[in-house]
Amino acid sequence: MIRWKGFLIVVILLGLGMAFSWMFMDRWIESGLEKTGQAVTGARVEIDRLDFHLLALSIQWDRLQVADPQNTLKNILETGRAAFNVNASALLRKRFVVEELTLKDVRSGTPRAYDGALPKKKPKKEAAPGALTVLKDRMEKEVQKLPVMHLDVNAFKRQLNMDSLVAKADLKMPARTDSVKKEILKTAEKWESFYADFHPQNDLEKIRADFAAVDVKQIKTVPELISVYEKVEAAKKTLNALSETIDGKSREIHSDFNQIGSYKKQIEAWADEDYHRILEKARIPDFSTGHIGDVLFGPILVYKVNRYLDYLEMAEKIIPLKSDQPKKEKPKRMKGQNIKFPERHGQPVFLIEKIHLSGQTGATQEKAGLMMNGIARGVTSEPGIYGRPTTVDLRTIGAPNRSTVFSANLDHTTDPAKDRFELKIENIPLDNVLLQESSYLPSRIQKGWADVSVATRLDGSDAIFQIEAQTREVNFDFKNSTTEDMFTSVVNDLIRQTGNFILKAEIVSRGEGLDLKVSSNLDDQISHALNRKTGQVVMEAQSRIQNRIRQLTGNSIAELDTLFDGKKSALTAPLDGLQKEANDLELGVQQKMNEITEDVKQRQKSELGEKSKKLLDAILKKKL
Amino acid sequence: MFFLKLLGKLIKVLGSQTSPNRIAWGFALGAVLGLTPLWSLHNLVVVVLFLLLNVNISSALLAFILYSFFAWALDPLFHTIGFSILVQISFMKPLWTTLYNAPFAPFTRFNNTVVMGSFIFSLLLFIPNFLVFRWLVIRYRSSWRDAVQRMRILKILQGNSVVQFYLKVKKLGG
């Protein structure tokens, strides 16, 4: 059953396999690392001259370049020579564990020899966006919501065509007054129909007549007195019932009209709402201090923060968030789903325990920037297994008057993940810094200095960014910033005079909401300057709008008032009259009853038979 | 062309004195190779078995091609089987955890649902495959050989100009 020739073939094949591996192992590892890196960054990753020593299990390369996915002509990261050993026992268990790695000449923003973009792939089915993507979208939307501050006074005056503005603004007042009018007519109809069926006058008249006829002095006998008393009592009951109905209806009609009448209090608010609607269409900006910081610096800050979140998203692909029991996925055909089991050796599938980093902040040798070094610990694909957060500590070296400290703590061992970042830079040069994201500031800073402090906390989907910046001796490049726009020109005038800015910003995202607050020492000055320059024009415009609203709505409001007052008085008066009549009658009845009671007492005193006394007592008891 | 050659070889083998067991074992092993993802460590073992054991390579290759199509179609089933075995059967978890932490075992990709599902499926089919194919070989030799030789499809294949051309070229090449 054994094929002896097969042994030879197996040996030859194994030999060939080993020879091929020996020859191409470096290339395979290099290609594998590049592909893994590209999957994480979405841009080209290149390793130059990777060398793998099987016996020592060591890897070294001459250069690593990672293209910036946002600007593929530059590298997001470039390192010089690196050498490290791979943990052998871990490798036998298919874990890639590096205890210590040194990355020298680390730089960012270096130019690339060719484009680092990857060929476009078919777009994948959209998965639910992650917390960071949601946060980025939310911030971009917040920036889009910021008011547009461009204001050309002459163009503004020309464009202030009231008829067109009113048409565009879609005023709500006419519809609202119409609705109130309908409400008044409906209520009036309800009460008119009530009056058509409600006729208590006859009953009241009858009661009045009955009482008028009663003269206590004329009653001779006790039975006659009793009969009169009973008659009065029955009338009183009828009167009470009527009075109750009239009172109830009176309360109801007054309540109905009071409710409708509340429109009078709302008229001002409605007019104000329409006024603001026209203001918005007229694009009269709000020059209060509160908006200026947001408008001037908000887009720049959000752009910078979003770039930083891009990097964090990349980091999350390397250091994923904690996940629990595997859920059944729907993988591609013949790909399957890899299930992870508890790790007994505490070694994740990918782990670099310690990275010694050294490099420079500048992209080229000529502009080297600051020299920095530091340590990153616990870079892993399975933070839950590693059990410790990933930390990065970097600081400047060899520049006593300039200090940069960056620290990061990415704790993905818990759910939700907790990420903390702090960056403090002192005396950072602002030579040739581009500010293309702002529509109002010059696009370039020629020179200047800044101290910047950034603190970030990310807890799951909640995030807080606190940014403070203080600049000194800043000179902007105004070459291409001639403008007709008054806001930009005011801003430019002020920043030309002031080289020192203080900027404070806080972006808070909690639950569904996002709050962007940016303030600077320029806000008040810009606000005052703008109000001074535009005050007259804006006030005129505002006054014209207010007059137009008054003109448009004044007649309909007056008509509404007349209708309301007319209907109210016409419909409430009959019930009010009836109420008064019923009250008067009640008083009359009470008076009559008092007379009877008085008469009874008198008759008791005179000499009457025992039987009559008893009857009179009964009447008094009944009354009392 | 390769497939025609293979088919020809197989028909030749079926008609030869080669033991039905050798042919059937080859088929059963080829089915394992065809059903499971090719680039898996266990398939290296299967290939070594092909070479070391005196099984028929033609039947193995035929099974490999045939079952590769089935494997593609049955992939969702393999995924479900693999997921159940790896995740849902709790008493097996200690075994998988031990293997996951053992040297070399992770290179077999046993923790992949399709690898596990298809491997189990191919193991379940292994003996039935052997028995059924062995029965077919015996049956072919005893009853069907003449009928198959007379089959129009074979004649068409033999009369096909492409096949004729191939056979001529083959003859020229010695």
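What you see below is based on every heavy atom in this structure, not just the backbone, and it leaves out hydrogens, waters and symmetry mates. Quick note on labels: first sequence line is chain A, next is B, and so on, each numbered from 1.
Between chain A and the options B:Val47, B:Asn101, B:Asn111, heavy-atom pairs under 4.5 Å are most frequent for B:Asn101. In terms of non-hydrogen atom pairs under 4.5 Å with chain A, the most contact-rich of B:Thr36, B:Val115, B:Val114 is B:Val114. Contacts with chain A were tallied for B:Leu99, B:Thr80, B:Thr97; B:Thr97 has the most, counting heavy-atom pairs under 4.5 Å. The candidate from A:Lys330, A:Gln347, A:Arg95, A:Lys335 with the greatest count of non-hydrogen atom pairs under 4.5 Å with chain B is A:Arg95. With chain A as partner, the option from B:Leu86, B:Leu51, B:Val48 having the largest number of non-hydrogen pairs under 4.5 angstrom is B:Leu51.
Heavy atoms only, all atoms of each residue included: A:Leu101 and A:Ala83 are closest at CD1-O, 4.3 Å. Between A:Ile47 and A:Glu30, the shortest heavy-atom contact is O-OE2, 3.0 Å.
Heavy-atom distances place no part of A:Leu8 under 4.5 Å from chain B, backbone and side chain included. Residue A:Lys5: no heavy atom, backbone or side chain, is found under 4.5 Å from chain B. For B:Ala71, the parts sitting under 4.5 Å from any heavy atom of chain A are the backbone and the side chain alike. With a threshold of 4.5 angstrom between heavy atoms, B:Ser118 does not approach chain A through any atom at all.
Below 30°, between 30° and 60°, or above 60°: for A:Phe20 and A:Phe24 the angle between ring planes is below 30°, a parallel geometry. The aromatic rings of B:Phe27 and B:Phe133 lie parallel to each other, with less than 30° between the two planes, well short of the 60° mark. Aromatic ring orientation, B:Phe110 versus B:Tyr100: perpendicular (interplanar angle above 60°, classes split at 30° and 60°).
B:Trp72 carries A:Arg333 over the face of its six-membered ring, with the cationic atom under 6.0 Å from the centre and within 45° of the normal.
Of the possible polar contacts, one joining the B:Ser59 side chain to the B:Asn56 backbone as a donor-acceptor pair under 3.5 Å is found. Under the 3.5 Å distance criterion, the side-chain polar atoms of B:Thr108 are left unmatched by any main-chain donor or acceptor of B:Phe104.
At a heavy-atom cut-off of under 4.5 Å, chain A is reached by no residue from residues 120-130 of chain B.
Here the CG atom belonging to A:Asp411 is positioned 8.5 Å from the OG1 atom belonging to A:Thr390, to the nearest 0.5 angstrom. In this structure, CZ on A:Phe84 lies 13.0 Å from CD on A:Glu100, to the nearest 0.5 angstrom.
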